[in-house]
Protein chains: 2
Amino acid sequence: MRSTSPTEAFPAHTPAASQIFTTVLSHGPLTRSEIAGRTRLSAAAVTKAVRPLIEAGYLVEDIAEDARQPVLGRPANPVRVDGGRALFLGIKVTGDELIAVLTDLCCRIRVARRVPLTSREPKAVLTSVAGLAQELLTEADGFGVQVRGLGIAVSGDVDRAAGVVRYSPFLEWRDVPLAELVATTTGLAVTLDNDVRALTVAEQWFGAGVGLSDFALVTVGAGIGCGLVVHGQVVAGAHGVAGEIGHVAIDPAGPRCHCGNRGCVEAIASDPAIVGRIREVTGASVADATEALALAHDGDPGAREVYARAGAAIGRGIATVANLLGPERVIISGEGLAAYDLFAEQIRDAFAAAAFGSAADCDVQTRPLPFEEWARGAAATAIQSFITASDAR
Amino acid sequence: MRSTSPTEAFPAHTPAASQIFTTVLSHGPLTRSEIAGRTRLSAAAVTKAVRPLIEAGYLVEDIAEDARQPVLGRPANPVRVDGGRALFLGIKVTGDELIAVLTDLCCRIRVARRVPLTSREPKAVLTSVAGLAQELLTEADGFGVQVRGLGIAVSGDVDRAAGVVRYSPFLEWRDVPLAELVATTTGLAVTLDNDVRALTVAEQWFGAGVGLSDFALVTVGAGIGCGLVVHGQVVAGAHGVAGEIGHVAIDPAGPRCHCGNRGCVEAIASDPAIVGRIREVTGASVADATEALALAHDGDPGAREVYARAGAAIGRGIATVANLLGPERVIISGEGLAAYDLFAEQIRDAFAAAAFGSAADCDVQTRPLPFEEWARGAAATAIQSFITASDAR
DNA sequence: GCCTTTATTTTCTGCTGTCAATGAAAGAAA
DNA sequence: TTTCTTTCATTGACAGCAGAAAATAAAGGC
């Protein structure tokens with residue numbers, strides 16, 4: 001009794017149904033008339049599209065609504081997504097470990113797992129991924145619900161449509177058709193995407209990007225990444241590269257970056273850059289970001305100065321994005337956010353100084369990023385694929 | 001017998017018809033089956049959508065096709081847009097003059113005019129614009145075809161949907177509802193847009209951006225501007241600001257910019273910046289861009305160096321766009337292109353150095369920009385409005 | 001019990017785009 | 001010359017989606 005029995009398709013064949021479902025998915029319980037208003041569909045169209053979704057169990061009516069204030073007229077009947085109706089897997093592949101989550105249809109994490117990666121060879125990674133997927137599928141059996149898809153997130157140049165990792169520096173891969181490999185091994189519908197884009201999808205559907213047609217997500221940590229949503233769609237770039245805020249050069253006199261250039265944001269504000277610079281400045285033997293952070297929190301002026309410069313670099317990078325795209329919001333996230341108190345002020349100041357005109361009106365937010373979040377992003381892409389799969393266009 | 005008699009609507013009520021028309025407009029003569037292939041519609045749908053467009057005279061069949069090579073099967077019957085079926089006006093408003101063109105439906109310029117602006121007061125500008133429009137309307141009478149729309153392009157923060165100039169530094173305007181004012185004065189359907197975005201629309205529909213879903217247009221001249229097309233749509237920015245490549249800061253030690261920041265691309269590579277810098281470096285009394293150019297072409301090493309630096313700045317700016325958006329193509333244009341031989345190499349070198357990974361695969365082109373081109377962009381927005389006006393969604 | 005108000009559903013209708021068959025205009029073959 | 005083949009184009013039947021209007025439902029107030 002595996003939970004991966006033959007997949008029945010998601011019953012949203014029309015654009016309207018698809019749009020309605022994602023609206024409810026993102027905006028929580030909504031009454032039919034609210035849905036009609038948001039989607040600009042007629043109430044009749046909503047009713048018709050909602051019915052099969054309820055019959056299939058993907059939507060449920062919230063009947064027991066106690067806390068509603070007495071209003072005039074027939075009380076509205078909110079509808080919400082039944083998260084428990086389907087499960088999804090998300091796996092983030094890094095250079096040295098796999099992070100996996102089992103989520104429900106609302107992308108809430110049910111189970112999380114982490115396993116180290118012993119080899120970066122595609123074959124070995126495939127085996128690990130398949131093993132981890134099997135493990136989570138067994139867990140999923142306990143919920144009595146099918147797992148309907150597996151999302152995989154890999155950093156680097158990833159072709160989602162083709163399911164191929166074109167080039168991943170961390171894994172040292174070129175043109176690995178990972179989606180197909182994992183699909184044949186696990187029997188699941190596999191969606192492969194770039195890790196930052198996957199996180200952006202999660203944010204767009206389930207996070208701080210809900211309802212926005214233009215926003216940016218900036219991740220700070222071992223690298224500096226950026227996912228962009230323009231016109232309501234994640235930007236993928238004509239050549240597979242987009243959102244490389246880490247390699248936006250902000251200072252020709254800055255430190256050399258591993259990309260060969262000088263003064264990239266990543267060469268100033270990534271964890272390794274900060275650690276290296278602190279070592280250089282203070283002479284202390286700082287091993288990693290945690291120690292660097294501790295030193296700065298201890299009040300070491302040299303270390304604090306390094307963080308301040310990093311913050312300024314990030315702020316300038318964000319301002320560049322804002323100047324070019326004019327997003328409604330920028331969400332800053334990532335492991336590097338642990339040092340937020342050390343560079344928050346500089347980010348804001350540098351952003352405010354470098355943002356041009358009303359680009360400065362852009363709302364800059366921060367969001368903590370638990371380690372499973374990357375894997376959750378992968379799961380979000382799987383959910384997205386599942387929902388839009390049956391959509392003709 | 002004014003050519004602005006009551007406007008009959010464009011007979012493309014369905015998305016398919018609209019899509020088909022714009023495809024033919026951009027890609028020149030196409031047979032019905034080619035249209036079906038490009039638009040991914042069925043041949044039947046094309047036939048049905050094309051008929052009313054032919055009946056209304058917007059499309060015509062190219063019957064006299066002599067140069068066709070003998071092919072098997074029934075000869076294809078190409079269809080093209082009858083440019084002469086409708087006329088449009090485009091007016092670009094700068095700080096000290098108006099540039100106006102009369103174009104046909106294919107955005108080919110029929111008449112061009114330039115008049116100096118004596119005052120920047122909204123009222124005075126309105127009078128000048130209306131007068132110029134009337135003048136061109138009279139010209140249009142000679143063609144015996146109606147003028148179906150007027151496009152106005154203004155630099156600064158322009159809200160196209162509302163038809164309002166939110167803020168224009170050159171004109172020193174704030175919240176001027178220019179579209180409505182001109183519409184009531186001239187009786188024409190008026191489309192108001194930012195100048196660079198207008199130029200981008202022209203490029204997208206009639207220029208080097210045809211068929212591309214992601215490209216950037218960079219204009220070099222008195223300012224450095226950038227129009228972006230992402231996912232097939234011109235980026236407008238959530239707050240009305242987008243494409244401000246001129247205020248991307250590339251060097252914290254660079255010259256101060258009028259925006260208050262340091263090292264903006266515009267502070268290094270705009271005409272005034274170049275002129276100022278050449279004066280500073282060479283001590284020569286250079287009055288304007290033309291003299292600066294002459295000096296550099298005479299071989300003055302100081303002047304040439306200034307142009308080289310400008311080229312490098314532009315190249316870095318373009319690389320930033322490419323890193324963030326991964327466009328398929330970047331089109332460089334603008335009056336500043338007159339100096340292209342002086343900085344072409346630096347643009348390419350700086351771009352190649354600063355573009356990350358396959359972002360460097362982006363095709364960087366240059367296109368001369370005659371002075372009427374800005375006004376033609378305005379006309380293009382009017383054509384766009386005319387065609388999509390009847391489109392329900 | 002009736003009215004008002006708001007939410008939802010039903011019924012009907014218009015319209016779009018697809019399918020499959022048919023017509024048209026060539027060159028090729030008999 | 002006649003017939004075939006090939007490719008384009010057109011036609012008519014049809015399915016399906018979404019909108020409009022009207023009906024129905026579910027409250028609260030009187």
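Naming convention: chains lettered A, B, ... in sequence-line order (proteins, then strands); numbering from 1 in each chain.
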Which part of the nucleic acid, if any, lies within contact of B/Ala16, taking any heavy atom under 4.0 Å across all strands shown: a base, the sugar-phosphate backbone alone, or nothing? sugar-phosphate
inquiry  = Applying a 4.0 Å non-hydrogen cut-off, can you work out what A/Ser33 is touching in the nucleic acid: base, sugar-phosphate, or nothing?
reply    = sugar-phosphate
Minimum-distance nucleotide to [X] side chain [options: [options]]:
X	options	answer
B/Ala44	D/dT10, C/dT8, C/dC19	C/dC19
B/Thr47	D/dG19, C/dT9, D/dT10	D/dT10
A/Ala45	D/dG19, C/dT8, D/dT10	D/dG19

- What orientation do A/Tyr58 and A/Phe386 show, parallel under 30°, tilted 30 to 60°, or perpendicular over 60°? tilted
Check the distance between [N]'s [atom2] and [X]'s [atom1] and give it to me in whole angstrom.
X	N	atom1	atom2	answer
B/Glu61	D/dC8	CD	P	15 Å
B/Glu55	D/dT10	CD	P	12 Å
A/Gln19	D/dC17	CD	P	15 Å
A/Asn77	D/dT24	CG	P	20 Å
B/Leu41	D/dT10	CG	P	15 Å

(Q) With a 4.0 Å cut-off on N to O distance, would you call A/Glu61 and A/Arg80 a salt bridge? (A) no
Margin query: I'd like to know if B/Lys48 reaches the base of C/dT18 with its side chain such that a donor and an acceptor end up less than 3.5 angstrom apart.
Written below: yes
Open item on the list: Whether B/Arg51 contacts D/dT10 is assessed here as follows: a side-chain N or O lying under 4.0 Å from the phosphate OP1 or OP2. Is that the case?
Closed with: no
Looking only at side-chain N and O atoms, does A/Arg32 come under 4.0 Å of OP1 or OP2 in C/dT6? no
Are A/Arg110 and A/Phe143 in a cation-pi contact, defined as NZ or CZ under 6.0 Å from the six-membered ring centre and within 45° of the axis? yes
- Polar side chain donor-acceptor pair, A/Thr381 to A/Arg197, under 3.5 angstrom: no
